[in-house]
K.L.:
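After the structure tokens below, expect a handful of questions from me.
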Amino acid sequence: MNDLFKSQDSRFALKTAGLVTLVPLLMVALVIYSVWLLLAMNFSYFLSNGIPLNEENIDVFTDYLMQTQIEYLPYAGLFFVCVFFIGLFLSYIILRPFNELKEMCSELINSKDEKIRIVGLERSKLLIKLGNFLCKYYHAKKNGTPISIPDDLRTVARPTMDLIFYFQFFCLIFILMTVALISIYVFADQLHASIVQTAIQVLKSPKGMSTFLSSQRPIFDMLTIVPGILGCILYVAIARIIIRRVEGATFGYVRDICEVANGNTLKRLSPRQEDPGRRAAAAINEVLDNLHPRPVPKVETEEDEAIKLANCPI
């Protein structure tokens with residue numbers, strides 16, 4: 001369990017799942033707050049029109065209304081658990097190309113086969129090109145044969161948009177947002193029905209009051225619009241942040257490996273703290289260390305220092 005939180009990729013997955021789950025939580029909280037404001041205005045309206053209400057029966061009304069909603073709590077909990085696992089699956093989609101690159105690097109070092117089959121990297125065109133080039137570069141250097149950087153990697157000058165990844169990412173977000181909006185709509189519908197029923201049973205509301213509450217059904221439908229817009233904006237913002245990190249990490253991989261292939265054999269991948277796929281970067285660095293071992297600085301002993309002092313002219 002400790003490794004789960006020590007691994008940067010694991011923390012990235014948990015953070016992504018948390019952000020994905022936070023959005024419907026905020027949407028539900030906004031709906032509940034809006035309903036509370038609406039009920040407060042309704043009570044003020046009833047009092048101003050002479051309908052007898054006091055603090056005691058309002059508290060009874062609220063408690064009874066909460067009791068009618070308790071039966072839906074397990075379903076709400078199950079919904080948020082499902083959303084959290086959808087967030088984990090989303091992070092799996094994000095990290096899978098990097099994990100496949102990591103597995104490829106491990107196989108590259110341990111296998112003598114020059115044709116390493118790359119599985120799963122088709123989710124990112126740029127990473128599969130990079131993986132293919134890294135395989136060719138590794139075996140070319142081992143065999144002492146020259147190799148040039150492909151044009152589609154050499155010309156990459158900035159983070160690029162991966163349309164396949166964008167399509168998969170936004171399809172999953174669209175499904176998640178649709179499920180969240182339907183769930184909130186059903187929640188608002190059940191809540192409105194409970195409010196009308198509770199008013200009749202607890203407040204012994206007159207016919208006019210019951211009709212007034214029943215006529216507010218379209219307002220409860222409208223209460224799902226603002227949270228829905230907010231959820232869409234938040235998901236787009238989260239998607240853009242995550243996609244930028246993926247694009248930035250991928251570009252950093254391509255830039256650094258091309259720099260090594262151009263002759264800077266001491267160069268190693270150094271992803272940022274928040275970048276996904278840090279374990280893949282460590283695996284690639286292991287491949288580069290295997291090809292281009294870094295010079296180990298000599299540690300001077302006391303005997304070496306004594307010889308140096310003896311040879312030093314006075």
Side-chain angles (χ1 to χ4, degrees), residues 1-16 88-143 147 149-150 152-154 156 159-160 162 164-165 168 242-296:
M1 182 63 69
N2 291 332
D3 294 338
L4 178 65
F5 296 100
K6 288 181 179 178
S7 168
Q8 180 63 31
D9 287 352
S10 297
R11 290 199 298 269
F12 173 83
L14 292 174
K15 186 181 294 185
T16 301
L88 289 179
F89 179 71
L90 179 63
S91 63
Y92 168 78
I93 292 177
I94 296 170
L95 292 174
R96 181 177 176 180
F98 296 101
N99 291 333
E100 293 293 343
L101 194 59
K102 172 180 172 293
E103 295 298 326
M104 184 212 71
C105 290
S106 177
E107 188 177 353
L108 195 61
I109 294 176
N110 299 322
S111 175
K112 295 183 179 180
D113 189 0
E114 295 192 4
K115 292 183 178 180
I116 304 297
R117 190 170 71 93
I118 304 175
V119 181
L121 285 179
E122 65 272 6
R123 297 175 184 274
S124 176
K125 289 184 178 180
L126 191 56
L127 279 181
I128 193 173
K129 292 175 183 177
L130 182 64
N132 284 327
F133 172 68
L134 187 60
C135 288
K136 295 177 182 178
Y137 177 77
Y138 179 84
H139 291 295
K141 289 299 179 182
K142 285 292 186 181
N143 298 329
I147 185 173
I149 303 173
D152 47 10
L153 292 180
R154 183 168 46 82
V156 175
T160 57
D162 190 336
I164 294 178
F165 177 76
Q168 292 176 330
I242 293 175
I243 288 173
R244 281 184 176 178
R245 288 177 181 172
V246 173
E247 291 175 347
T250 304
F251 170 70
Y253 285 19
V254 174
R255 178 198 59 205
D256 293 344
I257 291 177
C258 288
E259 188 172 340
V260 172
N262 280 328
N264 185 5
T265 56
L266 297 180
K267 181 69 177 178
R268 295 295 183 267
L269 274 65
S270 54
R272 297 164 298 185
Q273 183 65 27
E274 298 297 325
D275 282 345
R278 290 175 63 87
R279 288 189 296 181
I284 293 174
N285 286 337
E286 186 178 350
V287 171
L288 297 178
D289 288 338
N290 186 279
L291 283 177
H292 310 293
R294 295 183 180 184
V296 179

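Predicted model only: the values in this text are computed from it and were never measured.
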K.L.:
So, taking the atom named NE2 in His139 and the one named CG in Leu291, what distance separates them when rounded to the nearest 0.5 Å?
P.N.:
9.5 Å

K.L.:
Could you give all pairs that pass the ring-ring contact (aromatic ring centres under 6.0 Å, His included) test and reach residues 246-273, with sequence neighbours left out?
P.N.:
Phe98-Tyr253

K.L.:
Which atom pairs, one a donor and one an acceptor, fall under 3.5 Å between side chains of residues 254-267 and the rest of the protein, sequence neighbours left out?
P.N.:
{"residue": "Glu259", "atom": "OE2", "partner": "Asn264", "partner atom": "ND2", "Å": "2.7"}
{"residue": "Asn262", "atom": "ND2", "partner": "Cys258", "partner atom": "O", "Å": "3.1"}

K.L.:
Can you tell me how far apart OG1 (Thr16) and CG (Leu90) are? Round to the nearest 0.5 Å.
P.N.:
6.5 Å

K.L.:
Looking at residues at least two apart in the chain, or sitting in another chain, which of them share a salt bridge (Lys or Arg N to Asp or Glu O under 4.0 Å) with Arg154?
P.N.:
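Result, salt bridge (Lys or Arg N to Asp or Glu O under 4.0 Å) vs Arg154: Asp151.
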
K.L.:
Enumerate the residue pairs fulfilling ring-ring contact (aromatic ring centres under 6.0 Å, His included) with a member in residues 257-285, sequence neighbours excluded, ordered by first and then second residue.
P.N.:
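Counting only pairs at least two positions apart or across chains, no ring-ring contact (aromatic ring centres under 6.0 Å, His included) contact touches residues 257-285.
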
K.L.:
Distance check, rounded to the nearest 0.5 Å: Cys135 atom SG versus Glu107 atom CD?
P.N.:
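Separation between the atoms: 8.5 Å.
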
K.L.:
Look up atom CZ in Arg245 and atom CD1 in Ile242, then write down how far apart they are to the nearest 0.5 Å.
P.N.:
7.5 Å

K.L.:
Please round to the nearest 0.5 Å and tell me the distance separating atom NZ of Lys142 and atom CG of Leu108.
P.N.:
9.5 Å

K.L.:
Looking at Leu95 and Pro276, what are the two nearest heavy atoms and their distance?
P.N.:
CD2-CB, 3.7 Å

K.L.:
Once salt bridge (Lys or Arg N to Asp or Glu O under 4.0 Å) is applied, do any residues pair with Lys15, and if so which ones, sequence neighbours excluded?
P.N.:
Glu274

K.L.:
Could you go through the side-chain contact (heavy atoms from CB on, under 4.5 Å) check for Leu269 and Leu288 one step at a time?
P.N.:
CA-CA 9 Å; Leu269 274 65; Leu288 297 178; 4.2 Å; yes

K.L.:
I need the full list of side-chain hydrogen bond (donor to acceptor under 3.5 Å, both in side chains) pairs touching residues 275-285, with sequence neighbours left out, sorted by first then second residue.
P.N.:
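Checked against side-chain hydrogen bond (donor to acceptor under 3.5 Å, both in side chains) - neighbours excluded - the pairs reaching residues 275-285 are Asp9-Arg279, Arg272-Asp275.
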
K.L.:
Could you walk me through whether Asn290 and Lys141 pass the side-chain contact (heavy atoms from CB on, under 4.5 Å) test, one step at a time?
P.N.:
CA-CA 11 Å; Asn290 186 279; Lys141 289 299 179 182; over 6 Å; no

K.L.:
Dump the intermediate steps for side-chain contact (heavy atoms from CB on, under 4.5 Å) on Leu134 and Met104, then the final yes or no.
P.N.:
CA-CA 10 Å; Leu134 187 60; Met104 184 212 71; 3.8 Å; yes

K.L.:
Report yes if some heavy atom in the side chain of Asp289 is under 4.5 Å from a heavy atom in the side chain of Arg268; otherwise report no.
P.N.:
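Yes. Closest side-chain heavy atoms under 4.5 Å.
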
K.L.:
Are any of the side-chain heavy atoms of Lys129 and Phe133 separated by less than 4.5 Å?
P.N.:
no

K.L.:
So how far is it from Ile147 CD1 to Tyr137 OH, rounded to the nearest 0.5 Å?
P.N.:
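It is 8.5 Å, given to the nearest 0.5 Å.
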
